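Below, chains carry the letters A, B, ... as their sequence lines are ordered, and counting in each starts from 1. Remember, predicted model here, so these are calculated numbers, not experimental data.
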Number of protein chains: 2
Amino acid sequence: MKIKCCKTNLMAVHDTMDVLKGRWKIQIIAALCYDKMRFSELQKEIDGISAKMLSSELKELEFNHLLKRTVLQTQPITVEYELTEYGLTLKKVIETLADWGIKHRKQIVGEIADN
Amino acid sequence: MKIKCCKTNLMAVHDTMDVLKGRWKIQIIAALCYDKMRFSELQKEIDGISAKMLSSELKELEFNHLLKRTVLQTQPITVEYELTEYGLTLKKVIETLADWGIKHRKQIVGEIADN
DNA sequence: CCGCATCCCGATAGATACTG
DNA sequence: CAGTATCTATCGGGATGCGG
């Protein structure tokens, strides 16, 4: 079976990015990859995100069954977010992206040093 | 050495997405993963992209040394695009994304069948 | 603390027409 | 064929204020 047909690959990649589209979703998932987090913790962790964006991106991810939202009846209320089992299948994707990012940063640093 | 620190991962993922940001870049790279292509071939392959977007996204990818642009002195002129050696290092990333997309599509189809 | 509603602006994408 | 120019529509996303 030939998976590596170009058109097939394009469609598949498109499907994935459709779920992960938007400026913050990938970072949100990356943040939740190893631990559940509360709303305010997420906002602290993800540099530059506003409450509005965090809220709407979380909602979309929840809609796609990638994460679970749990309201804790504390005073005041707190909300925990964690990846679902399905969301965890993205862990490998995130790790691959992170690996490349680390190499890429080294590459950039090297280029600057060459000047 | 602990790579799986959350903050480190977030930064690395962000670095990668910084290079791949925009609606079309990932699909362009996916299209070029297995073969060089001409401008019009790319436009045919990538569903819905306009010449303007293709042009500007290609320019940014070239700027980041991910692909190489070759003008062929045919009549009329043709231009070939191909991934650089550095761009090819993204192949694994693309494949991981494609794999997940394929699984995800099955998942969606399954959910619809459940109704 | 969490997060919705509203207003607003600038960036970006798309359509269309044009050029070497 | 491989783009560029221009115009317009759309959308991301910030600021602020409110409510549970």
Side-chain angles (χ1 to χ4, degrees), chain A residues 10 13-14 16-32 35-84, chain B residues 10 13-14 16-32 35-64 66-84 87:
Chain A
L10 275 184
V13 167
H14 180 270
T16 303
M17 294 320 292
D18 205 52
V19 175
L20 299 179
K21 69 172 174 245
R23 185 165 157 192
W24 304 104
K25 290 207 188 59
I26 294 184
Q27 284 188 75
I28 291 172
I29 295 171
L32 291 173
D35 229 329
K36 62 175 71 166
M37 286 181 116
R38 289 184 305 124
F39 188 90
S40 52
E41 289 176 322
L42 278 169
Q43 196 174 4
K44 227 179 301 168
E45 199 69 24
I46 301 171
D47 206 44
I49 194 169
S50 66
K52 174 188 168 184
M53 289 315 298
L54 182 53
S55 176
S56 69
E57 300 274 73
L58 284 168
K59 212 176 286 176
E60 285 178 50
L61 289 172
E62 192 189 357
F63 178 79
N64 283 318
H65 308 115
L66 294 175
L67 56 80
K68 196 173 66 137
R69 181 175 180 274
T70 312
V71 180
L72 304 176
Q73 294 304 330
T74 50
Q75 193 53 254
I77 236 166
T78 55
V79 183
E80 269 183 3
Y81 293 91
E82 62 189 310
L83 294 184
T84 60
Chain B
L10 275 184
V13 167
H14 180 271
T16 303
M17 294 321 291
D18 205 52
V19 176
L20 299 179
K21 69 172 173 243
R23 183 166 161 192
W24 304 105
K25 290 208 187 61
I26 294 183
Q27 284 188 77
I28 292 172
I29 295 172
L32 291 172
D35 229 330
K36 61 175 71 167
M37 287 182 116
R38 289 183 305 124
F39 189 90
S40 52
E41 289 176 322
L42 278 169
Q43 198 175 0
K44 226 179 302 168
E45 200 68 23
I46 301 171
D47 204 45
I49 194 169
S50 66
K52 174 189 165 183
M53 289 315 298
L54 182 53
S55 176
S56 70
E57 300 274 72
L58 284 169
K59 218 173 282 178
E60 284 177 51
L61 289 172
E62 192 190 357
F63 178 79
N64 282 318
L66 294 176
L67 56 80
K68 195 175 65 141
R69 180 176 180 274
T70 312
V71 179
L72 305 175
Q73 294 305 331
T74 50
Q75 191 53 256
I77 235 167
T78 54
V79 182
E80 270 182 3
Y81 292 90
E82 61 190 310
L83 293 185
T84 60

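Considering only side-chain N and O atoms, T74(B) lies nowhere under 4.0 angstrom from the phosphate OP1 or OP2 of dC1(D). Between R38(B) and dC1(D), a side-chain N or O to OP1/OP2 separation shorter than 4.0 Å is absent. Contact annotation: S40(B) side-chain N/O to dA2(D) OP1/OP2 distance is under 4.0 Å.
When all heavy atoms of E57(A) and W24(A) are compared, the pair lying nearest together is OE2-N, 3.1 Å. Contact detail for A31(B) and L10(A): the closest heavy-atom pair is N-CD2, 3.9 Å.
Taking atom CD of residue E60(B) and atom P of nucleotide dG3(D), one finds them 15 Å apart after rounding to whole Å. L72(B) places its CG atom 11 Å from the C1' atom of dC1(D), with the value rounded to the nearest Å. Between the CG atom of L54(A) and the C1' atom of dC2(C) there is a distance of 10 Å, rounded to whole Å. Straight-line distance from the CD atom of E41(A) to the P atom of dC1(C): 11 Å, rounded to whole Å. Taking atom CG on D47(A) and atom P on dG14(D), their separation rounds to 12 Å, with Å as the unit. In this entry the distance linking CD of Q43(B) with P of dG3(D) reads 11 Å, nearest Å.
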Return a table of donor-acceptor pairs under 3.5 angstrom between the side chains of residues 58-68 of chain A and protein atoms on other chains or two or more places apart.
{"residue": "E60(A)", "atom": "OE1", "partner": "K25(A)", "partner atom": "NZ", "Å": "3.1"}
{"residue": "N64(A)", "atom": "ND2", "partner": "E60(A)", "partner atom": "O", "Å": "3.4"}

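Separation of atoms CG (L32(A)) and CG (L42(A)) is listed at 5.0 Å; rounding is to 0.5 Å. Here the OG1-NE2 distance, from T16(A) to H14(A), works out to 10.0 Å after rounding to the nearest 0.5 Å. For the atom pair OG1 of T74(B) and CD of E80(B), the computed distance is 9.5 Å after rounding to the nearest 0.5 Å.
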Within the sub-3.5 Å range, which N or O atoms of nucleotides 18-20 of chain D have a protein N or O partner, and how far apart are they?
none

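Sequence neighbours left out, not one pair with a member in residues 69-79 of chain B passes salt bridge (charged side-chain N to carboxylate O under 4.0 Å, His left out). Residue pairs satisfying the side-chain hydrogen bond (donor to acceptor under 3.5 Å, both in side chains) criterion with at least one member in residues 35-51 of chain B, sequence neighbours excluded, are absent.
Listed by first residue number, the stems of DNA chain C with at least three Watson-Crick or G-U pairs below 3.5 Å are C:1-20 with D:1-20.
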Nucleotides 3-16 of chain C: protein proximity per nucleotide (B base, S sugar-phosphate only, - neither; heavy atom, under 4.0 Å): SS-BB-----BBB-
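Judged by distance alone, the side chain of Q27(A) and the main-chain N or O of I46(A) form no donor-acceptor pair under 3.5 Å.
Two residues are said to be in side-chain contact when any heavy atoms from C-beta on lie closer than 4.5 Å; L20(A) and I29(A) meet this criterion.
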